[in-house]
Amino acid sequence: MPGLKVAVLGAAGGIGQPLSLLVKMNPAVTDLALFDVVPVVRGVAADCSHVDSPATTAGYTKDDEGLKQALTGADLVIIPAGVPRKPGMTRDDLFNINAGIVRDLAQGIADFCPKAFVLIISNPVNSTVPIAAEVLKAAGVFDPKRLFGVTTLDVVRSSTMSAQAIGKPNSAPEYTIPVVGGHSGVTILPLLSQAKPALPESLFSDTEKLKALIHRIQFGGDEVVEAKAGAGSATLSMAYAGYKFAEQLIGAAFQGKKGVVAPSYVYVAEAKDIQQEIGQDLAFFSVPVELGPNGVEKLHPLGQLSSYEKELLQACLGELPGSITKGVNFIQQPK
Ligand code: NAD
Ligand code: LMR
């Protein structure tokens, strides 16, 4: 296999540091470039560089054309740059700061590694992914198969919280549960009726319990934000989830692995079958994505929804289109 360069942007942060370590541990990665606006990123890179895995590791900051050096030759770029929430805030409250950060980093990708796969973690994901797409489109390098909003934490929470809800807390790894929609509150739509293996019938017949579980998955981020009491949001579980998705993409895109399917918030504007299932012409939606050498190989349909899941889809559609438009307008109609 030829070399594989991964760049992490925002690598000195709460997510960025453990995520960088996890990427460093992947034996397929040959170059790891860590970029952040704070100079301590050089120390983070020095620290990671002692791990005895193949990847050579370097840290870059804003000076000395750091972004250019970090991105040049990158095959995969993972972006956890930006501010996290504090209690009482929504993810959309982060828009004013994080929109500009993602815009500028996406411009760097357009300039220095336009063919890289791009994984966006920075919130609000429902808007930051459209922002990145608009920047890449304006530069003439947008490839909808290569841009992913990372929603894996919702998938991870669905398994963990469902296992807890059915009284089998140690069985989380056994469950695969698709999560569709977006990554914020009611836009997060866990399809528990499609869990593999199936969740027990007793969960679905106890409406209060079912609603409580879905609410917990949708607002799982709040649990961490409140417990951290002003010191940020999920970092360790997010680094795990972000790496889980990156590892799946590396396997499918660079190591020839077949049949890799993972939900992600991707461009669906041209997927008429998905639009029909959703009932709206949305540009972005999280669906189970089959990954391959070009990134998105195939968008899997939502499939059969229960009547309660159909109600939840309507709630998702009440919020998601506005978040997408807000991101698009940030680039198309700057103030
Ligand atoms: P953090 O504040 O600990 O770290 C963010 C890092 O980004 C900092 O090191 C900061 O210096 C850096 N940064 C800021 N501007 C930058 C720029 N222009 N270029 C490069 N780096 C820059 O925050 P965190 O806890 O790591 O969270 C980061 C983001 O991830 C937040 O927006 C948060 O809401 C989001 N998040 C998303 C998910 C998800 O499921 N998608 C989960 C958790 C957190
Ligand atoms: C999460 O789901 O944990 C993240 O999106 C961070 C947050 O703000 O809740």
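Note that ligands are numbered from 1 as they come in the structure, with each ligand's atoms numbered from 1 the same way.
- A donor-acceptor pair under 3.5 Å is absent between the side-chain atoms of S171 and the main chain of E174, judged by distance alone.
- In this structure, K5 contributes its side chain and A70 its backbone to a donor-acceptor pair below 3.5 Å.
- The shortest distance between side-chain heavy atoms of T57 and L34 falls below 4.5 Å.
- Neither the backbone nor the side chain of D154 has a heavy atom within less than 4.0 Å of ligand 1.
- Evaluated by nearest non-hydrogen atom to atom 3 (O) of ligand 1, the leading choice among A12, G14, S233, P124 is G14.
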So T56 and D31, side-chain hydrogen bond (donor to acceptor under 3.5 Å, both in side chains) or not? Walk me through it.
-> CA-CA 5 Å; T56 58; D31 291 275; 3.1 Å; yes

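- The nearest heavy-atom contact from the protein to atom 38 (C) of ligand 1 is M238 SD, 3.4 Å.
- Among L153, V83, V225, the residue whose heavy atom sits closest to atom 32 (O) of ligand 1 is V83.
- No side-chain donor from either of T152 and K244 sits under 3.5 Å from a side-chain acceptor of the other.
- Looking from atom 34 (O) of ligand 1 to the surrounding protein, the closest heavy atom is N123 ND2, 2.9 Å.
- The six-membered or imidazole ring of F142 lies near that of Y267, with a centre-to-centre distance under 6.0 Å.
- Under 4.0 angstrom from ligand 1, the non-hydrogen atoms of A81 come from both its backbone and its side chain.
- Counting protein heavy atoms only, atom 30 (O) of ligand 1 is closest to I15 CD1, 3.4 Å.
- P80 O, 3.7 Å is the protein heavy atom nearest to atom 29 (C) of ligand 1.
- At a 4.0 Å cut-off, at least one heavy atom of I121 sits close enough to ligand 1 to count as contact.
- Using a 4.0 Å cut-off between heavy atoms, V125 contacts ligand 1 through its side chain alone, with no backbone atom that close.
- Residue-to-ligand polar distances place R85 within reach of ligand 2: an N/O pair is separated by less than 3.5 Å.
- Contact check for L105 versus V102: no side-chain heavy atoms found under the 4.5 Å cut-off.
- F148 has its ring centre less than 6.0 Å from the ring centre of F245.
- Around the CD atom of Q276, the shell of radius 6.0 Å holds no more than 12 heavy atoms that belong to other residues, nucleotides or ligands.
- Scanning the protein heavy atoms around atom 5 (C) of ligand 1, the nearest turns out to be G82 O, 3.2 Å.
- Between the side chain of D36 and the backbone N or O of A11, at least one donor-acceptor pair lies under 3.5 Å.
- Contacts between L94 and ligand 1, counted as non-hydrogen atom pairs separated by less than 4.0 Å, involve the side chain only.
- Residue contacts with ligand 1 for T235 involve side-chain atoms from C-beta outward but no N, CA, C or O (heavy atoms, distance under 4.0 Å).
- Closest to atom 17 (C) of ligand 1, if we only count protein heavy atoms, is V37 CG1, 3.5 Å.
- Of the options G13, A11, A234, the smallest heavy-atom separation from atom 4 (O) of ligand 1 is shown by G13.
- Each of the following atoms of ligand 2 lies closer than 4.0 Å to a heavy atom of G221: 1 (C), 2 (O), 3 (O), 9 (O).
- Taking atom 20 (C) of ligand 1 as the reference point, the nearest protein heavy-atom neighbour is F35 CE2, 3.5 Å.
- Sparse packing is recorded around CD of E65, with 12 or fewer heavy atoms of other residues, nucleotides or ligands lying under 6.0 Å away.
- Nearest-heavy-atom check against atom 40 (O) of ligand 1 across R91, K228, H183 picks out H183.
- Neither the backbone nor the side chain of V224 has any atom closer than 4.0 Å to an atom of ligand 2 (non-hydrogen atoms only).
- Among the atoms of D222, none of the N or O lies under 3.5 angstrom from an N or O of ligand 2.
- Between the side chain of T90 and the main chain of D93, a donor-acceptor pair closer than 3.5 Å is present.
- Closest to atom 18 (N) of ligand 1, if we only count protein heavy atoms, is I101 CG2, 3.5 Å.
- Taking the six-membered ring for Trp, F330 and F95 have ring centres closer than 6.0 Å.
- Counting heavy atoms closer than 4.0 Å to ligand 2, residue V125 contributes nothing at all.
- Under 4.0 angstrom from ligand 2, there are no non-hydrogen atoms of K86.
- Contact annotation for M238 and ligand 2: no heavy atom of the residue comes within less than 4.0 Å of the ligand.
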